[in-house]
Each structure stands twice: as C-alpha cells, then as structure tokens.
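Below: one structure, written as structure tokens.
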Amino acid sequence: MDMGLNNKTALVTGSTKGIGKAIAIELAKEGVNVLINGRNHEEVEQIVNEIKTGYPATSPQNATADIVDIQQREALFKKYPKIDILVNNMGIYEMMQYEDVDDEVWEKYFRTNVLAANGLCKFYLPEMLKNDFGRIIFIASEEAIMPSGQMPQYCMTKTMLLSLSKSLSKLTTGKEVTVNTIMPGPTLSENVHQIIEGIYLNKDMTFSEKEKDFMITNLPQSEIQRFIRPIEVGRLAAFICSPYASGFKGSPIRMDGGMVPTIF
C-alpha cells in the first residue's frame, strides 16, 4: 500500500536502534527523507548509510544531537528548520523501587522523556499548522495506562505524554495536522534481546524457546505470548503518519499484545 508520504521529511528521535530505527526504516520504505537522531555521531552516520543503501531514492540525513540539551536542540532547529513528521521516540527507562526515586531522578525523567519532546513540538508544530500538513507521534508504553509499579518514574512520564498529545491535538482543529500517541507493549529491542540471552544461558535453547518461557513466567497476561517486534511498531507508525490516518486526533493507540485487560 502506497502511504502517500513520498518526499516528506521526518525527524525520528532516538532512531539508531530499537523502535526508533524501525520507524525510520519503515518511513524510508515509503519514500520519506528521514533525519536520523542520536547522541553518537558515528552511530547515527551508520544508520544514515544503511538507509541510503537500502532506499537510495530517499535522502536520509544525520541529525546528531542530545535533544535534552537546549543548546543542541536549538542547533538542530537551525540545521533542519522544516519537517513534515515528528516522531518523539527517544526516552530512558530502568527498573527502580519507588523509595529509591529521589527528586533528581524525577526531574531527569521529566526533562528527558517529556520536556525534550515538548521542545521539539513547540518549534515544529506552528509551521505544520501554517502548511496545513503535519504528523506528530509520541511513543509511550502500555505502562502509561497500566503502571506495573516497577518503574514509577518512567510510567509517570509516559502518562504525561498522553495528556500532552491530547492538549496539542486541540490546537490542530480544522487542520490536516495530527498529534497521536502509540503505546507499544513489551518490545524486542536490542537491549531486551541481550537481557533474555543473559537470563537463559542454556545454549541448547533457541531464542524462541527462551522468549516463550520468559513470557509464560513473567508476562502471562500477554495474549500474543511473545515480544512485539520493532518492525510492527514501525509499520503502525508509518500508517499513522500517512494522509490515510487523518481521523486519528489526540488518540492513544494501543499495540500492547493484549497486555492491558480493560476495554479502554
């Protein structure tokens, strides 16, 4: 299916690996010129070259920047002042007990997972409204609506993104600009893959067997009983970015593999 995105420009934050990389690749498949973002210039350049090789009709660019840093964010704006699509994927997470989360940690997560994305929206949204086309996507998590209690500082910020998305969507009334949030369930990023391999040291087990056992033991509520693949989130994001998804406005879109037990 042609998504109608040819020659659009997209900034995907945190796109050197995992969900962000998958989204960038799926957009490139649709003819989008993707701005690859990360803090490490060499890693970013590697993905840029990978996409150039795979999708030579597109023009991926290096958008190295620590977007939490206001000065680096401003430099990014000067280099790339106009985009059609913004995917706020970059974020941090870790397992923490509530009693160990001090004010410094709360503030770090708020600055990283919320304020950085908000800063990008504040800059790029007005131009999207002026041009009467734009797509903004926040990548949240099922933890935004179903906190496990294992990472309260992370869950708080992901819930905030749902609220921010809805607030920004109110500004797009009557415009071909959408702001939405995708909430993936447990996803097989490179980091998760390493964790599973580290848990199961039995070399006779295939990764599929390890994954199945992990899901049964730790995430029995999952209805797919496997990790979501980044490419699955990437494909969904590409559709939400397309002109065919204009009806999604301020929507929290779940791709949780059945993890959330409620209707809404």
Side-chain angles (χ1 to χ4, degrees), residues 11-24 35-44 46-47 63-76 86-123 136-165 168 180-196 198 218-219 227-230 233-234 237 252 255-256 259:
L11 171 61
V12 184
T13 66
S15 46
T16 59
K17 60 187 68 174
I19 289 175
K21 179 183 177 182
I23 292 173
L35 308 181
I36 302 300
N37 168 256
R39 292 180 296 178
N40 185 294
H41 182 87
E42 288 72 25
E43 289 182 1
V44 171
Q46 180 180 340
I47 304 305
T64 300
D66 179 357
I67 59 171
V68 180
D69 184 289
I70 295 175
Q71 290 184 333
Q72 292 192 41
R73 211 158 61 216
E74 292 290 339
L76 184 66
L86 171 62
V87 181
N88 289 302
N89 167 74
M90 188 278 295
I92 56 174
Y93 69 94
E94 63 183 309
M95 300 287 189
M96 292 189 73
Q97 296 297 318
Y98 174 72
E99 56 269 23
D100 296 328
V101 185
D102 57 25
D103 285 354
E104 185 176 347
V105 173
W106 287 113
E107 290 173 5
K108 176 184 177 182
Y109 271 77
F110 180 52
R111 287 193 304 270
T112 305
N113 291 358
V114 181
L115 288 185
N118 181 65
L120 295 175
C121 293
K122 199 166 187 178
F123 180 82
I136 295 176
I137 296 177
F138 295 97
I139 303 300
S141 164
E142 92 283 354
E143 293 264 3
I145 58 173
M146 191 182 72
S148 64
Q150 297 178 327
M151 355 182 223
Q153 79 292 354
Y154 170 79
C155 297
M156 176 198 72
T157 60
K158 293 303 179 178
T159 304
M160 284 179 171
L161 293 181
L162 298 182
S163 178
L164 178 59
S165 173
L168 294 182
N180 295 291
T181 308
I182 295 176
M183 295 185 289
T187 304
L188 191 63
S189 64
E190 292 89 342
N191 186 45
V192 170
H193 193 285
Q194 290 177 359
I195 290 172
I196 299 302
N218 298 279
L219 299 170
F227 287 100
I228 295 164
R229 272 34 182 183
V233 185
M255 182 183 259
D256 56 44
M259 286 284 292

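Put simply, the side chain of Glu142 never gets that close to the backbone of Met183: no donor and acceptor are under 3.5 Å apart. Using modelled atom types, one side-chain atom of Lys158 and one backbone atom of Ile139 make a donor-acceptor pair closer than 3.5 Å. Between the Asn37 side chain and the Thr64 main chain, no donor and acceptor come within less than 3.5 Å of each other.
Judged as a side-chain hydrogen bond (donor to acceptor under 3.5 Å, both in side chains), and not counting sequence neighbours, Asp66 has no contacts. Scanning for side-chain contact (heavy atoms from CB on, under 4.5 Å) contacts around Ala22 gives Pro230, with sequence neighbours left out. Residues passing the salt bridge (Lys or Arg N to Asp or Glu O under 4.0 Å) test with Lys21, sequence neighbours excluded: Glu50. Among residues two or more places apart in sequence or in another chain, the ring pair (Phe, Tyr, Trp, His ring centres under 6.0 Å) test is passed with Phe110 by none. Checked against side-chain contact (heavy atoms from CB on, under 4.5 Å), Asn40 has the following partners two or more places apart in sequence or in another chain: Glu42, Glu43. Take Asn113 and apply the side-chain hydrogen bond (donor to acceptor under 3.5 Å, both in side chains) test, not counting sequence neighbours, and it matches Thr157. With sequence neighbours excluded, the residues satisfying side-chain hydrogen bond (donor to acceptor under 3.5 Å, both in side chains) with Ser165 are Thr181. For Arg39, the salt bridge (Lys or Arg N to Asp or Glu O under 4.0 Å) test picks out no residue, with sequence neighbours left out. Every residue was checked against the ring pair (Phe, Tyr, Trp, His ring centres under 6.0 Å) condition with His41, not counting sequence neighbours, and none meets it. Partners of Ser189 under the side-chain hydrogen bond (donor to acceptor under 3.5 Å, both in side chains) rule, at least two apart in sequence or in another chain, do not exist in this structure.
For the pair Cys121/Leu86, a side-chain contact is recorded, criterion being any heavy-atom separation below 4.5 Å from C-beta on. At a threshold of 4.5 Å between non-hydrogen side-chain atoms, the residues Val68 and Met90 count as touching. Using a 4.5 Å cut-off on side-chain heavy atoms (C-beta onward), Phe123 and Leu76 make no contact. For the pair Ile182 and Asn180, the minimum side-chain heavy-atom distance is 4.5 Å or more. Contact of the Trp106 side chain with the Pro152 side chain is registered, since non-hydrogen atoms from C-beta on lie closer than 4.5 Å. Residues Pro184 and Ile19 form a side-chain contact, since some pair of their non-hydrogen atoms from C-beta on lies under 4.5 Å apart.
To the nearest 0.5 Å, atom CD1 of residue Ile136 and atom CG of residue Leu11 are 10.5 Å apart. Atoms OG1 and OH, on Thr112 and Tyr154 in that order, are 13.0 Å from each other to the nearest 0.5 Å. The line from CG of Leu115 to CE of Met160 is 8.5 Å long, rounded to the nearest 0.5 Å. How far CD1 of Ile67 is from CZ of Arg111: 14.0 Å, rounded to the nearest 0.5 Å. For the atom pair Leu120 CG and Thr13 OG1, the distance stands at 7.0 Å (nearest 0.5 Å).
Residues in residues 143-153 take part in these side-chain hydrogen bond (donor to acceptor under 3.5 Å, both in side chains) pairs, two or more places apart or across chains: Tyr109-Gln153, Glu143-Ser148.
Pairing each heavy atom of Leu162 with each of Ala144, the nearest pair is CD1-CB, 3.9 Å. Between Ala63 and Leu35, the closest heavy-atom pair is CB-CB, 4.0 Å.
By the neighbour-count criterion of 12 heavy atoms within 6.0 Å, atom CD1 of Ile195 is densely surrounded, having more than that number from other residues, nucleotides or ligands.
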Exercise for the section: Walk me through it: do Met146 and Asp256 pass the test side-chain contact (heavy atoms from CB on, under 4.5 Å)? Expected result: CA-CA 11 Å; Met146 191 182 72; Asp256 56 44; over 6 Å; no
Evaluation steps, side-chain contact (heavy atoms from CB on, under 4.5 Å), between Tyr93 and Ser141: CA-CA 11 Å; Tyr93 69 94; Ser141 164; over 6 Å; no
Run the side-chain contact (heavy atoms from CB on, under 4.5 Å) check on Ser15 and Asn89 step by step: do they pass?
-> CA-CA 8 Å; Ser15 46; Asn89 167 74; 5.9 Å; no
Below 3.5 Å, can you tabulate the donor-acceptor pairs from side chains in residues 95-102 to any protein atom, sequence neighbours excluded?
residue, atom, partner, partner atom, Å
Asp102, OD1, Glu104, N, 3.2
Asp102, OD1, Val105, N, 3.0

